[in-house]
Number of protein chains: 2
Amino acid sequence: MPKASEMGSEQSSMPTMKDVAKRAAVSIKTVSNVVNNYEFVSEATRKKVNKAIQELGYVINVPARNLRLGHTGMIALAIPDLTLPYFAQLSSLVIEEAKKLGLRVLVEPTLYSREGELEALHGAQHSMIDGLIYSPLELGMDDVRELDVPYPLVLLGERIFTPDTDHVATENVEGAKHATTYLINSGCRKIAVIGTHPGEELGSAALRFNGYKEALDEAGIEFDPRLAVPARMWHRLDGENAMNELLDSGLVPDGVVAFNDMLASGALHAIQMRGLKVPDDISVIGFDNSEDSQYLSPALTSISPGLEAVARLSVRVLKDRIDGVQPLGIAPDEHVFRKVTSTLVIRNSTRELPASQRN
Amino acid sequence: MPKASEMGSEQSSMPTMKDVAKRAAVSIKTVSNVVNNYEFVSEATRKKVNKAIQELGYVINVPARNLRLGHTGMIALAIPDLTLPYFAQLSSLVIEEAKKLGLRVLVEPTLYSREGELEALHGAQHSMIDGLIYSPLELGMDDVRELDVPYPLVLLGERIFTPDTDHVATENVEGAKHATTYLINSGCRKIAVIGTHPGEELGSAALRFNGYKEALDEAGIEFDPRLAVPARMWHRLDGENAMNELLDSGLVPDGVVAFNDMLASGALHAIQMRGLKVPDDISVIGFDNSEDSQYLSPALTSISPGLEAVARLSVRVLKDRIDGVQPLGIAPDEHVFRKVTSTLVIRNSTRELPASQRN
DNA sequence: CTGTTAGCGCGTTCAG
DNA sequence: CTGAACGCGCTAACAG
């Protein structure tokens with residue numbers, strides 16, 4: 001037999017249910033019953049059919065089945081960039097969770113373009129897909145009407161809200177607030193924040209900044225704008241630069257909240273290069289609890305956004321919508337709006353809480 | 001109209017070609033012609049049909065089309081772990097390249113399990129997929145027969161060889177050799193290597209180690225086993241530990257070849273923590289040229305495995321096989337075996353070559 | 001428990 | 001250049 005890879009299409013000679021039926025001397029329906037594990041098939045016929053399947057090397061033709069069933073068992077996941085650890089992680093978790101529910105995932109990087117994001121929404125693929133988990137970055141509140149699509153949709157993040165779709169988001173504000181409060185409780189008073197995006201109102205930077213300020217506010221610490229260092233990109237080097245800038249200004253903080261772990265890693269490095277100690281001189285907290293954070297030295301205390309929960313929830317909700325059932329305990333006509341609680345993963349880049357603060 | 005997400009399946013009410021045909025007062029065939037950009041359709045009818053499509057919001061039904069055509073326009077990419085930057089990068093590039101050729105990609109993480117890898121190969125999905133790009137980690141030469149699958153397959157890496165499938169690989173040996181030679185030319189004589197896997201023969205660690213030794217050999221430098229530090233995992237902390245171990249032993253090298261950029265990053269950190277300078281005291285070279293490497297300080301000199309070329313080649317070859325044409329300039333019955341040339345990306349973690357060595 | 005029949009939506013002969 | 005009828009492989013009634 002020539003290898004399929006040397007032929008045009010593998011479909012040409014693949015055996016069908018009909019072939020199996022003939023060989024097993026049963027009807028097509030019976031084969032279908034066996035293949036789909038229909039309960040009421042006699043053990044004898046089942047064996048007969050399986051034998052024929054084995055001998056012919058029969059594999060079910062998924063496209064045909066899809067056509068008949070009207071769905072494909074495939075969902076799409078649209079994210080800005082698969083090379084970002086955050087999204088790679090998310091994708092991996094979504095794929096894993098989907099698999100548990102018998103769903104496959106088509107990952108679609110939208111590559112920071114508005115076009116890409118719109119195409120993910122309206123592209124021709126959509127008869128091929130049962131639903132979409134959508135994490136927009138470029139689209140904003142002005143684009144809400146774009147979300148009126150003829151298939152189930154779960155929206156990730158907090159850039160767009162509509163009462164007409166299900167949302168799953170992470171706690172940006174609460175997470176940053178938690179981190180900042182933790183630093184305050186551990187004795188920090190001059191807490192810098194790295195990675196702000198001045199002028200931005202949507203997006204993680206703005207939300208996390210708000211959390212930071214809220215924490216300060218509640219603790220009665222006045223916000224010092226000089227301690228907020230912008231960083232357009234959130235790479236390691238940006239964190240290093242930001243931290244150096246701060247240190248050069250003579251304004252040495254006793255704590256740092258970095259808006260992601262890369263920034264934190266850079267800050268760590270800048271601090272240590274000056275002979276200062278983390279956490280003795282300066283505590284550092286990161287964001288995202290990326291896999292790397294545990295491998296830094298000192299291991300990085302970080303806010304874990306609960307990506308597992310995001311993945312689990314969004315896939316489950318989508319699956320329910322596809323199946324036409326109400327997700328979770330949601331009332332009819334209502335939509336899921338769920339914020340996943342973030343947790344602070346304490347490692348060695350922050351000082352311990354004094355005994356009085358622990359519980 | 002109720003939102004689809006509140007209904008069972010979106011398929012129920014989607015307009016078909018028949019609906020479009022009726023509305024445009026033409027035959028189904030004509031609609032099909034228009035949709036598929038068949039050349040010989042009068043401008044008038046084309047317009048008429050397009051208008052009807054617009055009004056009805058018609059979208060072509062991909063599963064039906066797939067059934068008829070016998071292929072799906074979808075390929076799978078099986079990799080060990082999507083959260084590894086290397087594979088995330090590769091996936092992203094493959095998706096991009098596939099898109100250019102009108103193909104969609106189903107990413108399938110096999111999660112370091114033999115089962116997962118076998119399932120990717122033989123799983124039921126395969127009538128749903130036109131071909132597979134396959135990067136095994138657990139499978140070895142004993143499993144060659146598993147690769148006899150009824151669809152086009154492109155094999156990535158150097159773990160399994162068969163004359164019966166197309167291969168695309170990166171230059172592990174050559175890359176490591178290149179890196180080591182570069183260090184030698186820049187004046188290093190005591191070159192450590194971090195990340196070896198003693199006892200392993202397949203796999204990147206072994207191949208890269210060979211390249212390192214070849215370079216030493218050619219330069220007439222004797223290999224000192226104490227300079228080869230094993231590291232099972234290739235995380236940042238492993239690099240840091242390995243480097244510390246070396247430094248503690250009193251055996252201070254003047255150059256380090258790390259088997260990936262994470263290891264290199266850790267080594268960098270360990271070196272700097274001792275007050276030693278990179279590259280003045282010790283040069284460091286990494287592997288993979290990951291996105292992070294440029295954001296380390298000093299920016300990391302690294303071997304770029306040419307992932308773009310791997311992605312481009314493997315998708316192209318697969319596409320050709322799917323279309324039944326000979327890839328590249330390959331003779332019939334021959335198979336592609338292509339190693340992508342790696343390049344050394346020189347940044348600031350290595351000393352400059354003396355004038356005599358430059359070209 | 002099993003067989004028969006009728007499409008799912010599309011592309012494609014083959015006539016016109 | 002266009003229309004009518006067929007079948008891709010499968011599942012869901014409904015009989016038997």
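Residue numbers begin at 1 in each chain, while the letters A, B, ... track the order of the sequences.
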So, is [X] near the phosphate of [N], with a side-chain N or O under 4.0 Å from OP1 or OP2?
X     : N      : answer
B:T45 : D:dT2  : yes
A:Y38 : D:dC10 : no
A:N61 : D:dC8  : no
B:N36 : C:dG11 : yes

> Excluding sequence neighbours, so at least two apart, what forms side chain to side chain contact (heavy atoms under 4.5 Å, CB included) with A:L132?
Replying inline: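 Checked A:L132 against side chain to side chain contact (heavy atoms under 4.5 Å, CB included); matches are A:A76, A:A78, A:L121, A:Y134, A:Y151, A:L153.
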
Whole angstrom is fine here: how far is it from [atom1] in [X] over to [atom2] in [N]?
X      : N      : atom1 : atom2 : result
A:M17  : D:dC8  : CE    : P     : 15 Å
A:N37  : D:dT11 : CG    : P     : 12 Å
B:M128 : D:dC8  : CE    : P     : 21 Å
B:R65  : D:dC10 : CZ    : P     : 21 Å
A:R68  : C:dT5  : CZ    : C1'   : 11 Å
A:K18  : D:dT11 : NZ    : C1'   : 16 Å
A:N66  : D:dC10 : CG    : P     : 12 Å
A:K48  : C:dC1  : NZ    : P     : 14 Å

Donor-acceptor pair, distance only, cut-off 3.5 Å: does the side chain of [X] make one with the backbone of [Y]?
X      : Y      : value
B:E308 : B:L93  : no
A:S127 : B:V62  : yes
B:D148 : B:R145 : no

> Do B:P163 and B:H335 have side chains that get closer than 4.5 Å, going by heavy atoms?
Replying inline: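 Side-chain contact under 4.5 Å: no.
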
>> Tell me the closest heavy-atom pair linking A:I95 and A:V107, and the distance in Å.
In response: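 Taking every non-hydrogen atom into account, CD1-CG2, 4.2 Å.
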
> Counting only non-hydrogen atoms, which of residues 22-35 of chain B are less than 4.0 Å from DNA chain C?
Replying inline: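 Within residues 22-35 of chain B, the residues near DNA chain C are B:K29, B:S32.
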
>> Please pick, from D:dT2, C:dG9, D:dA12, the nucleotide with the shortest atom-to-atom distance to any side-chain atom of A:L69.
In response: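 In terms of side-chain proximity for A:L69, the closest of D:dT2, C:dG9, D:dA12 is D:dA12.
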
> Taking the side chain of B:L67 as its heavy atoms from C-beta onward, which of D:dC10, C:dG9, C:dC1 lies nearest to it?
Replying inline: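 Looking only at side-chain atoms, B:L67 lies closest to C:dG9.
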
> Just wondering, more than 12 heavy atoms not from A:K48 lying within 6.0 Å of its NZ?
Replying inline: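 Result for NZ/A:K48: enclosed.
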
> For DNA chain C, whose closest nucleotide is more 5', that of B:V62 or that of A:R46?
Replying inline: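 Its nearest nucleotide lies further toward 5', so the answer is A:R46.
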
